[in-house]
Q: 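Here's a structure for you.
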Amino acid sequence: MSRMQRKTFRNRCFAIALILMLAWMCSALAESLTSGKTDTAAPEVTETVAPEAPAAENTEAAAELTTEYKDPEINFWDGIVKIAKSTGFAGGTWREYVMIAIACLLLYLAIVKQFEPLLLMPIAFGMLLANLPLAGLMGDPSYSFFDSLEAAKAAAVASRHDVAEITYRLDEATNTMRYGIQTSNGGLLYYLYKGVKLGIYPPLIFMGVGAMTDFAPLIANPSALLMGAAAQLGIFITFIGAKALFGFTAREAAATGIIGGADGPTAIFVTTKLAPHLLGPIAVAAYSYMALVPVIQPPIMKALTTQKERTIRMGQLRSVSKTELVIFPILVTIIVSLLLPDAASLVGMLMLGNLMRVCGVTERLNKTAQNELCNIVTIFLGLTVGATTNGTTFLKLQTLEIVALGIVAFSFGTAGGVLLAKLMNKLSGGRINPLIGSAGVSAVPMAARVSQKVGQQYDPGNFLLMHAMGPNVAGVIGSAVAAGVFIALFG
């Protein structure tokens, strides 16, 4: 048998199998339509005590709970109509379709333009999933509530729920206790979002960042800590502007201002504590501007420095001992946590990751924190943050205001770092290149690379990267401290 004949034989066998399968499905459907409602294995009927009348708004749900299951009649045409009505095409709104389009745009920026793809891509896909009509991936679980525990127990037994799972809450309007039974689970992303809502994911990301960060340039040049602090200027200026000019509340203004720290996990952490309803717009703005650091910073750096200052060559940094590297994360954790307890979770996890890196005896933990753990948490964080961007909360004028304030925060943060570096250059007799001050925003290591790139445009032999890493890693600590200040004030 030739190759062509074998191919023809396989195709015929496949066609015959497909026809037989379709014939079997049609015969099974016809049998089910003509067999009536009889069922040889009818569910066991359990006699239960009728519950007390539930609240009016839950009457239908309660009735469903206390009604025994009955096998529905099968009607082919009605089934087709029901399926058609249950599709997202029939149940979608224009807001959801707009959000899907925005999600596709962000996916394009993340994949094709490579704008912070490690987080922008999961965020965009989470936005896509949360706005799929009727999918309910971010939907809350639903409950039926009763006025007495006995009624809730009776309904639980009738609906085959575990009596031990009955929940209760105080109805503040009537000052009475209500007892509830969960009638449906929440969506997948609803449960994954608990890691964001409870403040778990951002500190774990910080642990991974700490495991990948070298604090030696900061230890070798402690004055870089001042540049990192100065680069947080954008946070506080944006806070003032958001409150005074845009009418934001103090909590909303603080959450928006933290965008200027150029630290996505910190922005998410503060927003979940102070203004969770703004999480979607703030997260998207924060990571979008972090990706645009190479575009935003150079014009500001060049406008605030002279050509002579940009060509300043800095001396080689001193070597840092292992003892200093080990003591540094422990000391920073103690000092910052005592001054700002609200920043302890971020700073503590950051320094734990760094201690695993430098101590020399936990290499396996260090690799896990850098790779597997950080990657897993990044996926969950991005997906669930993106899932908060539904059309109702995202498509508002306030979103545009947050985007505008975000660029202000980044710009003033960059300017603050450069201006302080200029001052330090004057005080040191011309030994500090002001370009490294722009790295004080905590976009590690992108901001330090921008300082290096701009410096080499004017002196190809000038190497500023390691000097810029000092302010850069100081900015990570500075943004966490700023987060602690806002949470202490408004949390």
Side-chain angles (χ1 to χ4, degrees), residues 110-111 114-126 129 137 188-216 218 258 261-273 279 283 286-287 290-291 325-326 328-330 332-334 336-337 342-388 442-446 469 472-473 475-477 479-481 483-484:
I111 297 171
Q114 298 185 11
F115 285 0
E116 285 290 324
L118 293 182
L119 261 168
L120 192 58
M121 193 278 285
I123 287 176
F125 206 82
L129 292 176
L137 289 174
L188 170 65
L189 298 181
Y190 168 83
Y191 294 104
L192 292 179
Y193 177 67
K194 293 295 185 182
V196 177
K197 189 175 182 178
L198 298 175
I200 298 172
Y201 295 155
L204 291 180
I205 292 285
F206 255 52
M207 183 167 65
V209 171
M212 292 183 280
T213 300
D214 181 10
F215 284 105
L218 176 59
I258 209 71
D263 195 324
T266 303
I268 292 170
F269 185 79
V270 173
T271 306
T272 55
K273 297 285 186 182
L279 180 59
Y287 283 106
M290 283 174 63
L325 291 172
V326 172
F328 180 79
I330 301 173
V332 170
T333 301
I334 294 172
V336 174
S337 299
D342 292 299
S345 58
L346 290 178
V347 174
M349 291 296 101
L350 176 71
M351 293 303 159
L352 171 61
N354 187 252
L355 185 60
M356 290 190 293
R357 171 192 176 93
V358 300
C359 69
V361 294
T362 55
E363 188 59 29
R364 287 172 55 189
L365 301 182
N366 177 43
K367 289 181 178 179
T368 300
Q370 287 189 39
N371 299 296
E372 291 85 359
L373 179 61
C374 193
N375 291 336
I376 291 170
V377 177
T378 297
I379 293 171
F380 289 164
L381 179 69
L383 272 177
T384 52
V385 166
T388 64
S442 62
V444 180
M446 189 185 303
M469 282 300 298
N472 206 185
V473 297
V476 179
I477 302 174
S479 64
V481 169

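For the numbers below, each heavy atom of this structure counts, side chains included, while hydrogens, waters and symmetry mates do not. Since we're looking at a predicted model, the values are computed, not measured.
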Q: S479: which residues meet the side chain to side chain donor-acceptor pair (under 3.5 Å) condition with it, sequence neighbours left out?
A: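 Result, side chain to side chain donor-acceptor pair (under 3.5 Å) vs S479: D263.
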Q: Measure across C374 and A369 and return the closest heavy-atom pair with its distance rounded to 0.1 Å.
A: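 Taking C374 first and A369 second, the nearest heavy atoms are CB-O, 3.2 Å.
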Q: Who pairs with Y287 by ring pair (Phe, Tyr, Trp, His ring centres under 6.0 Å), at least two apart in sequence or on another chain?
A: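 Once residues adjacent in sequence are excluded, Y287 has no partner under the ring pair (Phe, Tyr, Trp, His ring centres under 6.0 Å) criterion.
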Q: Give the C-alpha distance, both sets of side-chain angles, the deciding distance and a yes or no for side chain to side chain contact (heavy atoms under 4.5 Å, CB included) between I477 and L218.
A: CA-CA 11 Å; I477 302 174; L218 176 59; 4.2 Å; yes
Q: Spell out, as yes or no, whether a donor-acceptor pair under 3.5 Å connects the side chain of S345 to the backbone of P203.
A: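 Pair absent, no side-chain N/O of S345 close to backbone of P203.
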Q: Looking only at non-hydrogen atoms, find the nearest pair between I268 and V385 and report the distance.
A: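 The answer is CD1-CG2, 3.8 Å.
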Q: Just jot down the side-chain contact (heavy atoms from CB on, under 4.5 Å) partners of A483, sequence neighbours excluded, or say none.
A: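 Listed in chain order: I258, T266, V270, L346.
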Q: Residues in ring pair (Phe, Tyr, Trp, His ring centres under 6.0 Å) with F328, at least two apart?
A: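 Result, ring pair (Phe, Tyr, Trp, His ring centres under 6.0 Å) vs F328: F215.
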Q: I need the T368 OG1 to E363 CD distance, nearest 0.5 Å.
A: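 That separation rounds to 10.0 Å.
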Q: Would you check if V444 and M469 make a side-chain contact, meaning some heavy-atom pair closer than 4.5 Å?
A: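 Of all side-chain heavy-atom pairs linking M469 with V444, at least one is under 4.5 Å.
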Q: State the CE-CE distance between M207 and M351, to the nearest 0.5 angstrom.
A: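 The CE atom of M207 sits 14.0 Å away from the CE atom of M351.
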Q: Of the non-hydrogen atoms in L381 and T384, which two are nearest, and what is the gap between them?
A: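 Heavy atoms of L381 and T384 come nearest at O-OG1, 3.3 Å.
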Q: Give, for atom CG of L119 and atom CE of M121, the distance between the pair rounded to the nearest 0.5 Å.
A: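 It comes to 10.0 Å.
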Q: In Å, rounded to the nearest 0.5 Å, how long is the span from CG of L120 to CD of E116?
A: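 Result: 8.0 Å between the selected atoms.
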Q: What residues, two or more places apart in sequence or in another chain, satisfy side chain to side chain donor-acceptor pair (under 3.5 Å) together with N366?
A: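 If we apply the side chain to side chain donor-acceptor pair (under 3.5 Å) test to N366, skipping adjacent residues, the hits are Q370.
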Q: With sequence neighbours left out, what residues match A344 under side-chain contact (heavy atoms from CB on, under 4.5 Å)?
A: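 Scan of A344 (side-chain contact (heavy atoms from CB on, under 4.5 Å), adjacent residues dropped) gives S337.
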Q: Excluding sequence neighbours, so at least two apart, what forms side-chain contact (heavy atoms from CB on, under 4.5 Å) with I376?
A: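 So I376 forms a side-chain contact (heavy atoms from CB on, under 4.5 Å) with F380.
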Q: Check this for me: F115, atom CZ, are more than 12 non-hydrogen atoms of other residues, nucleotides or ligands nearer than 6.0 Å?
A: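 For F115, atom CZ is crowded (more than 12 foreign heavy atoms under 6.0 Å).
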Q: Rounded to the nearest 0.5 Å, what's the gap from CG on N354 to CD1 on I330? Could you check?
A: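 Here the interatomic distance stands at 10.5 Å.
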Q: Hey, does D214 have a side-chain heavy atom less than 4.5 Å from the side chain of R357?
A: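 Contact flag for R357/D214 side chains = yes.
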Q: Walk me through it: do V476 and L350 pass the test side chain to side chain contact (heavy atoms under 4.5 Å, CB included)?
A: CA-CA 9 Å; V476 179; L350 176 71; 3.7 Å; yes
Q: Under the side-chain contact (heavy atoms from CB on, under 4.5 Å) test, which residues partner V377, sequence neighbours left out?
A: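 For V377 the side-chain contact (heavy atoms from CB on, under 4.5 Å) partners, ignoring immediate neighbours, are Y201, L204, I205, L373.
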